Student: 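My questions all concern the structure below.
Note that the coordinates shown come from a computational prediction; the quantities given were computed from them, not determined experimentally. Quick note: residue numbers are just sequence positions, from 1.
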Amino acid sequence: IKIIIVSVTTSSSHGLWNMLHLHIRDLLTTSFLHIQVMTLLQKLPVPVIAQVNGLATAAGCQLVASCDIAVASEKSQFATPGVNVGLFCSTPAVAVGRALSRKVALEMLFTGEPISAHTALLHGLLSRVVPEDKLEEETMKIARKICEASRSVVALGKAAFYRQMALDLDAAYRMTSQVMVDNLTLKDGHEGIEAFFQKRKPTWSHDVNTACK
């Protein structure tokens, strides 16, 4: 697998009626599984792209915020409306609060009002907004470009990106400096630099465990 594309259309808010009739133990189990899925997205060694065409609310909005890249149609909207039915979007707030600026995220969480695709793009929830009839084409264009790169290098880079985000500035630079050294020991790291100087297209091995000697 080189890349994962998640299609997000109009999403419901956690299945509120079902939640109302679940035992507290079942609610916690469901919530735990839901959180596992969201955190797994950033731990996967391949990029995950959200392709959005519609209204993404609560968990749907959380899913978009949790993906590595998000492309949406112009008609798409995003909301965390739980506050309006007495159930604050606390778990969606984790991802939304990390993707958006604090004040924009809190306005969404406190009011439950949807924001447009262009507003979501402006504040960092989306990577790109396109006409609805170009949505799949533009998403695939990004996917194909990523697939041209070495899978082992992309995996290394994605993992390093998320790790350094949790560190202070000095620690982040120390960690990523070591990652760059590790990258150079990969066969594809060596191949890419060699191909650049030889003015040819690199031939990737995609093997994260194969180091050059």
Side-chain angles (χ1 to χ4, degrees), residues 4-22 24 27-44 47-136 138-139 142 158 161-168:
I4 295 172
I5 298 175
V6 180
S7 180
V8 182
T9 54
T10 301
S11 62
S12 61
S13 299
H14 290 295
L16 291 173
W17 181 255
N18 291 332
M19 291 178 69
L20 189 63
H21 293 85
L22 284 176
I24 188 66
L27 278 172
L28 288 172
T29 300
T30 301
S31 178
F32 176 71
L33 292 173
H34 175 80
I35 292 168
Q36 278 191 313
V37 171
M38 295 298 175
T39 57
L40 177 64
L41 296 176
Q42 294 180 358
K43 295 175 183 176
L44 291 171
V48 182
I49 303 176
Q51 179 181 288
V52 191
N53 191 30
L55 175 62
T57 64
C61 188
Q62 180 184 5
L63 176 61
V64 175
S66 299
C67 289
D68 303 313
I69 296 171
V71 184
S73 65
E74 292 173 326
K75 77 172 189 179
S76 296
Q77 292 182 300
F78 306 85
T80 51
V83 68
N84 295 325
V85 295
L87 183 63
F88 199 83
C89 289
S90 297
T91 50
V94 175
V96 172
R98 283 164 169 75
L100 292 160
S101 66
R102 181 180 301 180
K103 288 179 174 60
V104 174
L106 286 172
E107 182 178 341
M108 289 179 67
L109 290 161
F110 290 158
T111 67
E113 289 296 306
I115 62 171
S116 69
H118 286 290
T119 299
L121 175 66
L122 178 65
H123 294 291
L125 184 61
L126 299 175
S127 314
R128 192 175 300 188
V129 175
V130 299
E132 185 178 4
D133 61 352
K134 297 287 186 182
L135 179 59
E136 185 170 352
E138 291 299 317
T139 304
I142 296 170
K158 175 177 172 174
F161 177 83
Y162 286 113
R163 282 171 56 202
Q164 64 86 21
M165 289 293 288
L167 302 174
D168 63 52

Student: Can you see which heavy atom on A70 is nearest to which on V64, and at what distance?
Tutor: CB-CG1, 3.7 Å

Student: For the pair S127 (side chain) and V71 (backbone), establish whether a donor and an acceptor sit closer than 3.5 Å, ignoring hydrogens and angles.
Tutor: no

Student: Which heavy atom of V83 sits nearest a heavy atom of F110, and at what distance?
Tutor: CG1-O, 3.5 Å

Student: Going by atom types alone, do N53 and T9 pair a side-chain donor with an acceptor below 3.5 Å?
Tutor: no

Student: Out of curiosity, I69 CD1 to T139 OG1, how far, rounded to the nearest 0.5 Å?
Tutor: 10.0 Å

Student: So E113 and M108, do their side chains get closer than 4.5 Å, heavy atoms only?
Tutor: no

Student: Under 3.5 Å, is there a donor on one side chain and an acceptor on the other for S116 and Q77?
Tutor: no

Student: Between atom OG1 of T91 and atom CE of M38, what is the distance when rounded to the nearest 0.5 Å?
Tutor: 8.0 Å

Student: Between G112 and A79, which heavy-atom pair has the shortest distance, and what is it?
Tutor: O-CB, 4.0 Å

Student: Minimum heavy-atom separation for L125 to A99, with atom names?
Tutor: CD1-CB, 4.1 Å

Student: To the closest 0.5 Å, what do you measure between CZ (R163) and CG (L167)?
Tutor: 7.5 Å

Student: How far does OG of S76 sit from CD of E132, to the nearest 0.5 angstrom?
Tutor: 8.0 Å

Student: Decide yes or no on side chain to side chain contact (heavy atoms under 4.5 Å, CB included) for L122 and H118, but give the supporting numbers first.
Tutor: CA-CA 6 Å; L122 178 65; H118 286 290; over 6 Å; no

Student: I'd like to know if the side chain of K75 reaches the main chain of G54, judged simply by a donor and an acceptor atom lying under 3.5 Å from each other, with no hydrogens or angles considered.
Tutor: no

Student: V104: what forms a side chain to side chain contact (heavy atoms under 4.5 Å, CB included) with it, not counting sequence neighbours?
Tutor: L100, S101, H123

Student: Is there a side chain to side chain contact (heavy atoms under 4.5 Å, CB included) between I142 and R128 once you walk through the steps?
Tutor: CA-CA 10 Å; I142 296 170; R128 192 175 300 188; 3.8 Å; yes

Student: Show the nearest heavy-atom pair for residues S73 and A117, with the distance to one decimal.
Tutor: O-CB, 3.5 Å

Student: May I ask you to check whether over 12 heavy atoms, not counting those of Q42, lie within 6.0 Å of atom CD?
Tutor: yes

Student: Could you tell me the separation between the CG atom of D68 and the CD1 atom of I49, rounded to the nearest 0.5 Å?
Tutor: 8.5 Å

Student: Hey, which of L55, T57, V8, L126 is the one that makes side chain to side chain contact (heavy atoms under 4.5 Å, CB included) with F78?
Tutor: L126

Student: Please check: side-chain N/O of S66 versus main-chain N/O of Q62, any donor-acceptor pairing under 3.5 Å?
Tutor: yes

Student: Could you tell me which residues satisfy side chain to side chain donor-acceptor pair (under 3.5 Å) with E136, sequence neighbours excluded, listed by chain and number?
Tutor: none

Student: Tell me the closest heavy-atom pair linking L135 and Q51, and the distance in Å.
Tutor: CG-CG, 3.7 Å

Student: Apply side chain to side chain contact (heavy atoms under 4.5 Å, CB included) to residues C67 and L41 and explain how you reach the verdict.
Tutor: CA-CA 6 Å; C67 289; L41 296 176; 4.2 Å; yes

